[in-house]
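Take a look at the structure set out below.
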Amino acid sequence: MERQSLNRVMSLGISDLALECVMGYIDDPRDREAVSLVCRKWYRIDAITRKHITIAICYSASPDRLRRRFPRLESLKLKGKPRAAMFNLIPEDWGGYAGPWVCEIADAFNCLKAVHFRRMIVQDADIGVLVKARGHMLQALKLDKCSGFSTDGLLLVARSCRCLRTLFLEESSVTENDGEWLHELAVNNSVLETLNFYMTELRISPQELELLARNCRSLISLKISECDVSDLVGFFRTATALEEFGGGSFNDQAGEINRYERVCFPPRLCCLGLSYMGMNEMHIIFPFAASLKKLDLQYTFLSTEDHCQLIQRCPNLEILEVRNVIGDRGLEVVAQTCKKLRRLRIERGDDEQGPEDEQGRVSQIGLSSLARGCPELEYIAVYVSDITNAALESVGTFSKNLCDFRLVLLDREEMITELPLDNGVHALLRGCTKLRRFAFYLRPGGLSDVGLGYIGENSNNIRWMLLGNVGESDLGLLQLARGCPSLQKLELRSCCFSERALALAVMQLPSLRYLWVQGYKASPTGKDLLAMARPFWNIEFIPPRQDIGDHEFEDRRGGVESQAQILAYYSLAGRRTDCPETVIPLYPPA
Amino acid sequence: MERKNSFRGIQGAISKINPELLRSVITSGTAARGGPEARSPPGAATAFRHATTPLPVLTSACRSGSKGTAPLTIFYNGTVAVFDLPQDKAESILKLAEKGNVGGVLEAADPTASGHEEDLLTKLNGELLPIARKKSLERFFAKRKERYAWLCSPLLPTSFLVLLIRFGSSPLLTNKYLRPSIVLFICRPCFSMRHVGDDSLLSRRRSQTLTMSQPYKMAEREANVALVKETGTITAA
């Protein structure tokens, strides 16, 4: 009786149809989550009007369950392997198979237009099933850092998906059988807007790209594998709508001058990343540097001075990605020039390049100038060689829009100017109230237990955290776990915490649904971990490995030992049935 | 030979060396010099007991590097490693070697151990994981190395080198980053480049260029690539 009147009150006389229309305008997943919890009717209407779902780990739900709840889904994003896979830390056969999902999509999801698989294993057969069932409607296909498929699969996509607007294959491992797929794509498609096979080893010919540009007049973004930029002159001339280009390569042969002088970029180009570009070719960017909004220099051969020269010509830059060769000096230029900068990524350079080059390192000096000079920053990821509390305080004071902060303290310098960073991180977290993602990777002595407590107390909105070499003892972890009210995903590496403390922390963190740990005080039998056993909580243990696996460009020597890992996550799908030998599920005795 | 110029690398190497051997090398070196610094007869462990006194090997007549460092040469099991170390570092290595011999295996950190350094060293040996590298960047560095290896290929004609030497007054040579690379190129023929494309390239080059302390550090600099590109403009200049 009471429930009925509550329902009536909640609906306020709004018809179901009207409710459906209104809900159609609500996109934010957290809003949707709230809406679905109001009452059964709202739950049902949310379920049939929900357009997009992201499943952060594909084993947390079954395809069947997804279909039962959201039958009219238009866009699906699935993530498979843990994020650590991007750092060669997860065995290749860990899992994340797209097969079962593709079968369900083919069977039941009649409205699906966009599919995004990230760090998953996708086979040609899976692609076949997918395009056969949904090819006529598919507008976006993203196989993002995936493996298991070949150019045969791409051929199927090219032939069957004529409405495809986005084909994204960045960093996937694709077996090369032939280059026909690009030709087929160019011939069969006329609406393609985004094509990305950046950081793949796919071999293509510039003529096919030119054909693509001729047929797909709305092509605005192209990121390719290696292909000499001087061969792309024709393409650039044809693709007049192009706004983003990435990849290519520069191959200066001795004696051949002005090889790249003829290269003339399309007029609207504002996002650029040129691989293997050196100081001699840099000037081809100068004519339009002032209109650049996004610049990727991570895979270039530029020195600190080159970075300074280039960046001082780019006052409208919003997104910048570099390696730490940019140095403090380059960051000073960024701070003075790029007042609109929103995202900055400073990756780690190669050790062999010589840390003796004093300019090729980023320290507290660069970070402070950056914080002061670029108030619009929302994302900072930086590998620093030195740091102080004051620099972190500067970030807390000036970077008020920061949503994502990631700092890794490199291990090459023996002496760091100021450790521990307790006060600095305290000030940073208190100042950057919008922070949602936070990574802090230090060294022993970098953060005390008190510092961990500060993190716990001041991370109200943080959803993802990566902590490395922090804390002094289990107490620190427990202090962290007393706070972090919104923490959903926690990654810990190379810390000194015991299994018991890890288990206790997991049970304490109110929002935690995913945990990944490598480098901890393992007990002989691992039984302390079972203290966190609970319903719907899957625990996987990856024992230490001798050989990390087959990596063509593996610099490390064979026989490197990789320490044990723990992966734990909430799942409505029950126990995994497709674990390889390298993964051991842990369950309490029944 | 593994590259060992990182602190952790040193630790990794040292922990595996037989301290008896180490001690005998050092004390035999002391005896051979027979100078005023020799405080103990050969074979005795007393050299280590005077931990605060300068060790003979560190004050030898060899050149000392910048910042008060000196070479520490370690012979072990048919391999030799040379390190340029400051005195305190060398002493701590020797201390550890002695400890390792007396106590058996180097254990994980005893929290009451004195000195931040020993703490750090034992922790480095025990629990610390190296900072993981991103796959995409590793691929890039490997490709860069391949490109550089090609540029240093013995197949590159010597006339190319002559070209470099001839244009001594070119702006290239006034650039302090490029100049050492040119020296490197000129000396190139004496390198054996069998194993290009892996770590041994750099370490072998370093061992052969010990007499040129500056250029080997520039060996893999991006400037080198620019050098080769730049040569294309020399003829036009």
Side-chain angles (χ1 to χ4, degrees), chain A residues 84-89 145 171 199 251-257 259 275-276 278-281 298-303 306 323 325 347-354 356-357 383 408 410-412 414 441 443-445 468-469 493-496 518-521 551-555 557 562-563, chain B residues 2-3 5-8 89 108-109 111 116-117 119-120 123-124 127-147 151 156-157 160 163 177 197-199 201-203 214 216-226 228-236:
Chain A
M86 293 179 353
F87 299 86
N88 277 330
L89 296 173
K145 298 181 175 62
E171 241 191 294
M199 311 298 296
N251 301 287
D252 241 347
Q253 313 292 326
E256 197 184 326
I257 42 167
R259 183 178 166 124
S275 301
Y276 311 124
M279 119 181 142
N280 288 338
E281 298 93 33
Q298 292 175 102
Y299 309 107
T300 58
F301 295 144
L302 300 178
S303 68
D306 299 334
R323 298 193 313 277
V325 67
E347 271 292 349
R348 175 188 189 184
D350 195 7
D351 289 344
E352 287 165 16
Q353 195 54 17
E356 297 90 0
D357 176 14
Y383 281 78
V408 178
L410 289 173
D411 53 8
R412 299 200 61 81
E414 281 157 36
Y441 201 114
R443 56 173 65 179
N469 284 319
R493 195 158 186 269
S494 188
C495 297
C496 53
Q518 185 183 41
Y520 60 98
K521 284 212 172 69
H551 300 285
E552 39 198 275
F553 291 113
E554 187 56 69
D555 255 4
R557 310 210 173 261
S562 180
Q563 284 198 23
Chain B
E2 282 181 6
R3 195 174 64 81
N5 68 349
S6 76
F7 200 41
R8 189 175 296 122
K89 292 286 172 294
H116 165 77
E117 205 156 67
D119 243 331
L120 189 59
K123 274 196 174 179
L124 286 172
E127 301 146 14
L128 270 194
L129 293 165
I131 298 178
R133 299 177 150 284
K134 219 171 188 183
K135 252 196 243 183
S136 52
L137 282 163
E138 285 214 306
R139 262 199 302 266
F140 168 71
F141 294 137
K143 288 193 179 176
R144 183 171 68 175
K145 219 188 267 185
E146 270 177 33
R147 283 182 164 229
L151 293 170
L156 221 50
F160 183 64
L163 202 69
Y177 292 111
D198 69 0
D199 284 356
L201 170 69
L202 185 62
S203 52
Q214 192 63 2
Y216 82 79
K217 292 173 187 177
M218 305 296 184
E220 293 237 318
R221 292 184 57 77
E222 290 116 333
N224 290 335
V225 181
V228 177
K229 290 175 190 156
E230 195 65 30
T231 58
T233 61
I234 291 178
T235 47

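Just so it is clear: chains get the letters A, B, ... in the order the sequence lines come, proteins before strands, and each one is counted from 1.
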What are the two closest non-hydrogen atoms of [X] and [Y], and how far apart are they?
{"X": "B:Ile131", "Y": "A:Leu410", "answer": "CD1-CA, 4.0 Å"}
{"X": "A:Arg348", "Y": "B:Phe141", "answer": "O-CZ, 3.6 Å"}
{"X": "A:Leu89", "Y": "B:Ala132", "answer": "CD1-CB, 3.9 Å"}

With sequence neighbours excluded, what pairs up with A:Tyr299 under the side-chain hydrogen bond (donor to acceptor under 3.5 Å, both in side chains) test?
B:Ser136
Results of side-chain hydrogen bond (donor to acceptor under 3.5 Å, both in side chains) for A:Gln298 - residues two or more places apart only
A:Asp296
Salt bridge check, A:Glu171 against B:Lys135: does any charged N sit closer than 4.0 Å to a carboxylate O?
no
Please look at A:Ala84 and chain B and tell me whether the side chain, the backbone, both or neither of the residue comes under 4.5 angstrom of a heavy atom of that chain.
neither
Side chain, backbone, both or neither: which part of A:Tyr520 has a non-hydrogen atom closer than 4.5 Å to chain B?
neither
Nearest 0.5 Å, what's the CG-CG distance between A:Asn469 and B:Leu129?
8.0 Å
Spatial distance of atom CG (A:Asn88) from atom NZ (B:Lys134) [nearest 0.5 Å]:
12.5 Å
Quick one: are A:Glu347 and B:Phe140 in side-chain contact, heavy atoms under 4.5 Å?
no
